[in-house]
Amino acid sequence: MKKTTINFTLLIGAVVVMILSIWGPEKLAKYKDRMVLDHINVQEVETEGAGYRYTLAVNEKLYILSQALLSQSLPESEQNTLTKIESETTDYLDLDGTYAFVVNHKGPTGKEITNEEIFSTCNEMLAALKEIQILPDTVRDVDSTNYEAVLYSAIDVLEPRNNVAVWKVSLSTNRQNANKSNRLLDAYLDADSGKVYEFYVRTQLKWDEIDTDEIIKAWGEYMGLPTPQEYETDNPLLESTPYYKKYVFSGMGEQKTIVTIGFYEGINELFLKISK
């Protein structure tokens, strides 16, 4: 009797195992489906649209931007435009790569300074430049009423991961006959840090009051760049003003970036610009 009971129990167990092996997976799948279906599941991912920018050193950013700016016509100050000398045109055919400077129509991705933040950031940077005596205290703040801001991308076309996002802040051309005294005219700011790569500004300074060596030293430290060397040249047509001094920083690889500090007499316009 006892042996019959054991055999019966084993038979029942075998039947149960057989039933579970047949119907179990299907029931389990339906249970998992109920846990997923009709529920919102959120997972953070970096979309392709957000893009990816390779991390570059400051000197590399400076070099890429200097090359990209050569690919477009810069809206420089009136004085610089009027005195532009035809023989200044440079042959750019020896560039190692092709660079582009284009409007970033996608706008900030969430990592860069936003449209709402750019003017306050620019004022913070102006304050920083005043504190280290690159700009005089008389330079006025910028605002959305008198200024325009456009986000650009400077891109190494042959190596697109090498790109720099910059904001260009400019005195609005819609304000005719605006008083430009002690005003920023143009500036390029890094879209991540807000650091100023280049600027044109009207001041009350005279050329003999400007110490270019001190300015370039302070600007290099502000940007996080190594100490530059003076750039010697015997070409008198490099600039449309006789009042300037050039310096050279390391760029990418063996390449160099030239930074010019100059002054337009008469309109008292101080500028710091980058070039090849």
Side-chain angles (χ1 to χ4, degrees), residues 50-66 68-69 72 74-77 101-155 162-175 178-203 215-225 249 257 259 261 269-274:
Y52 170 75
R53 281 193 288 119
Y54 181 66
T55 302
L56 297 164
V58 177
N59 63 303
E60 293 174 326
K61 286 185 172 184
L62 196 68
Y63 177 78
I64 291 170
L65 179 58
S66 71
L69 288 176
Q72 48 97 55
L74 293 176
E76 299 165 322
S77 69
F101 190 72
V102 295
V103 175
N104 187 330
H105 293 289
K106 291 183 178 180
T109 64
K111 299 177 182 179
E112 295 94 1
I113 297 164
T114 66
N115 302 62
E116 293 75 21
E117 298 169 335
I118 183 55
F119 293 114
S120 61
T121 299
C122 187
N123 286 328
E124 291 173 5
M125 292 300 110
L126 289 177
L129 295 181
K130 293 174 185 178
E131 184 176 350
I132 58 180
Q133 299 183 346
I134 290 177
L135 296 179
D137 292 334
T138 54
V139 175
R140 292 185 280 177
D141 283 351
V142 303
D143 56 66
S144 58
T145 302
N146 296 290
Y147 286 82
E148 299 172 345
V150 181
L151 183 63
Y152 287 89
S153 291
I155 306 168
N162 294 337
N163 65 89
V164 184
V166 296
W167 279 101
K168 183 180 181 182
V169 177
S170 306
L171 185 63
S172 178
T173 56
N174 295 328
R175 298 184 64 84
N179 182 8
K180 298 179 181 178
S181 177
N182 293 306
R183 279 194 181 277
L184 178 72
L185 300 185
D186 288 305
Y188 288 99
L189 284 71
D190 187 275
D192 293 328
S193 67
K195 293 294 181 71
V196 179
Y197 289 114
E198 182 172 304
F199 64 79
Y200 290 79
V201 62
R202 297 282 177 89
T203 74
I215 289 178
I216 199 66
K217 178 182 177 183
W219 180 79
E221 292 175 353
Y222 157 82
M223 293 296 295
L225 291 164
F249 289 87
T257 303
V259 177
I261 298 174
E269 185 173 318
L270 172 67
F271 64 86
L272 183 152
K273 70 174 184 177
I274 59 178

Non-hydrogen atoms of Val201 and Arg183 that approach each other most closely: CG2-O, 3.3 Å
d(Ile64 CD1, Leu69 CG) to nearest 0.5 Å is 12.0 Å
Can you name the closest pair of heavy atoms from Val142 and Leu126 and give their distance? CG1-CD1, 4.2 Å
So, do Asn163 and Leu56 sit near enough that their side-chain heavy atoms are less than 4.5 Å apart? no
Side chains of Leu171 and Asp186, heavy atoms from C-beta outward: is any pair under 4.5 Å? no
Roughly how far, to the nearest 0.5 Å, is the NZ atom of Lys168 from the OH atom of Tyr147? 13.0 Å
Taking all non-hydrogen atoms of both residues into account, name the closest pair between Tyr222 and Ala128 and its distance. CE1-CB, 4.3 Å
In terms of heavy-atom contacts, Phe119 and Ala149 come closest through CZ-CB, 3.9 Å
Could you give me the CA-CA distance, side-chain angles and deciding distance for Leu225 and Leu62, then say whether side chain to side chain contact (heavy atoms under 4.5 Å, CB included) is met? CA-CA 10 Å; Leu225 291 164; Leu62 196 68; 3.9 Å; yes
Begin with the C-alpha distance, continue with both residues' side-chain angles, and end with the deciding distance and a verdict on side chain to side chain contact (heavy atoms under 4.5 Å, CB included) for Met125 and Leu189. CA-CA 9 Å; Met125 292 300 110; Leu189 284 71; 4.2 Å; yes
Under the rule for side chain to side chain donor-acceptor pair (under 3.5 Å), what residues qualify as partners of Glu131, not counting sequence neighbours? none
Do the side chains of Leu184 and Cys122 get nearer than 4.5 Å, heavy atoms only? yes
Any side-chain heavy atom of Val196 within less than 4.5 Å of one from Leu129? yes
Atom CE of Met223 and atom CD1 of Ile216: how far apart are they, to the nearest 0.5 Å? 10.5 Å
Looking only at side chains, do Asn104 and Ser153 share a donor and an acceptor under 3.5 Å apart? yes
Indicate whether the side chain of Ser172 and that of Asn146 have a donor and an acceptor atom separated by less than 3.5 Å. no
Face-on cation placement of Lys61 at Tyr197 ring, 6.0 Å and 45° thresholds: no
Under 4.5 Å between any side-chain heavy atoms of Phe101 and Leu65, yes or no? yes
Please report the closest heavy-atom contact between Thr257 and Ile274, naming both atoms and the distance. CG2-CB, 4.3 Å
Side-chain heavy-atom pair Trp219, Leu272 within 4.5 angstrom cut-off: yes
Taking the side chain as C-beta and beyond, is there a heavy-atom pair between Phe249 and Ser66 under 4.5 Å? no
Could you tell me whether a side-chain N or O of Glu60 sits under 3.5 Å from a main-chain N or O of Ala57, the two making a donor and an acceptor? yes
Show me, pair by pair, the donor-acceptor contacts under 3.5 angstrom made by side chains of residues 133-140, not counting sequence neighbours?
from: Thr138; atom 1: OG1; to: Asn182; atom 2: OD1; distance (Å): 3.0
from: Arg140; atom 1: NH2; to: Asn179; atom 2: O; distance (Å): 3.3
from: Arg140; atom 1: NH2; to: Ser181; atom 2: O; distance (Å): 3.2

Val169 vs Glu148, test: side chain to side chain contact (heavy atoms under 4.5 Å, CB included). Steps then yes/no. CA-CA 6 Å; Val169 177; Glu148 299 172 345; over 6 Å; no
Does a side chain donor of either Glu117 or Thr114 reach within less than 3.5 Å of an acceptor in the other side chain? yes
Below 4.0 angstrom, N of the basic side chain to O of the carboxylate: do Lys273 and Glu198 qualify? no
For the side chain of Trp167 and the backbone of Ile113, is there at least one donor-acceptor N/O pair under 3.5 Å apart? yes
For Phe271, which residues count as a ring-ring contact (aromatic ring centres under 6.0 Å, His included) partner, sequence neighbours excluded? Tyr200, Tyr264
In terms of heavy-atom contacts, Asn115 and Pro108 come closest through OD1-CD, 3.7 Å
Quick one: CG on Leu151 to NZ on Lys106, what's the gap to the nearest 0.5 Å? 12.0 Å
